[in-house]
Amino acid sequence: MGLIDSHAHLTFPELMCQVDDVLDRAKDAGVDQIITIGTDLADAKRAIELAEQHTGTVFVGAGFHPHEAGKVADEQLTSMTSLWSQPCVVALGEMGLDYHYDFADRSVQRDVFAKQLTLARAFDKPLILHSREAFEDTAMLLVEHGFQNKPAVFHCFTGTASEAEQIAAMGWRISFTGVVTFKKSQWLQEIAKDYLADKIMVETDAPYLSPVPVRNKRPNEPAYVAHTARFLAELRGVSYDEFAEQSAQNTRAFFQLPI
Ligand SMILES: [Zn+2]
């Protein structure tokens, strides 16, 4: 059993233009399954098309990314929910709040996130959350909408140890990108070192955030999740195979992926 990249953007132009090669290289690197994330309606439709061409290998997360929040009309939210019922869509999102870039007004971001959460309640699928410098508001909206102790992952977690603890206490989880391999990420390495073995998951967030030792390579791609897995295995004092198997098992269970 190989690795799973639990969060990539295969439909972004840098990867989509060479997607067959990207998928071949992932396979060669031992990455068996990939969840590709569609960040608006058009992107989610492309992601579903790709998943339908690669059944069993590519799965989809679909939702309005907070960066897109300024462009989301109510009828688009309804269209998104019709995509959410597709069988290859294994997760709702990424959705959430980004107070770092502030590409959309914060109140608009909260509104679009809240509306997606309201709609998400009708689905029995886990949430993928994008939360950057916005932990308190993200957690508050999740609780307000009844998502305490419901499956939700703070993807590309780069928060504090205290936030990681609060996330665990609420029944949610975090996942790690190549950011954990960066030299400046000691605080994150401390969190990842002791993070729960039966919950840990890895992702690339490709085409962004290439891990060490390919940090200067652009674009990042799912094959490189193996570097992050190797780093985490070493950090946690387990073998690569053990880490790969455990993280894949966690990911498969969380997103209810087939073997
Ligand atoms: Zn993403």
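Residues take their numbers from the sequence shown, with the count starting at 1. Side chains are part of it too, since the values below use all heavy atoms of this structure and drop only hydrogens, waters and symmetry mates. Both counts, for ligands and for their atoms, begin at 1 and track the order of listing.
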Quick one: do Lys27 and Asp24 satisfy salt bridge (charged side-chain N to carboxylate O under 4.0 Å, His left out)? Show the steps, please. CA-CA 5 Å; Lys27 198 167 181 235; Asp24 282 347; over 6 Å; no
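- Between the side chains of Asp40 and His65, not a single donor N or O lies within less than 3.5 Å of an accepting N or O.
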Would you please test Lys71 and Glu68 for salt bridge (charged side-chain N to carboxylate O under 4.0 Å, His left out) and show each step? CA-CA 6 Å; Lys71 306 174 214 154; Glu68 309 295 333; 2.8 Å; yes
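- Of all the N, O or S atoms in Asp205, the one closest to the Zn ion (ligand 1) is OD1.
- Atom OE2 is the N/O/S atom of Glu94 found closest to the Zn ion (ligand 1).
- Screening Pro211, Ser247, Ser210 for a side-chain contact (heavy atoms from CB on, under 4.5 Å) with Thr228, the sole residue that qualifies is Pro211.
- Among the atoms of His7, an N, O or S atom is found under 2.8 Å from the Zn ion (ligand 1).
- None of the N, O or S atoms belonging to His155 lies under 2.8 Å away from the Zn ion (ligand 1).
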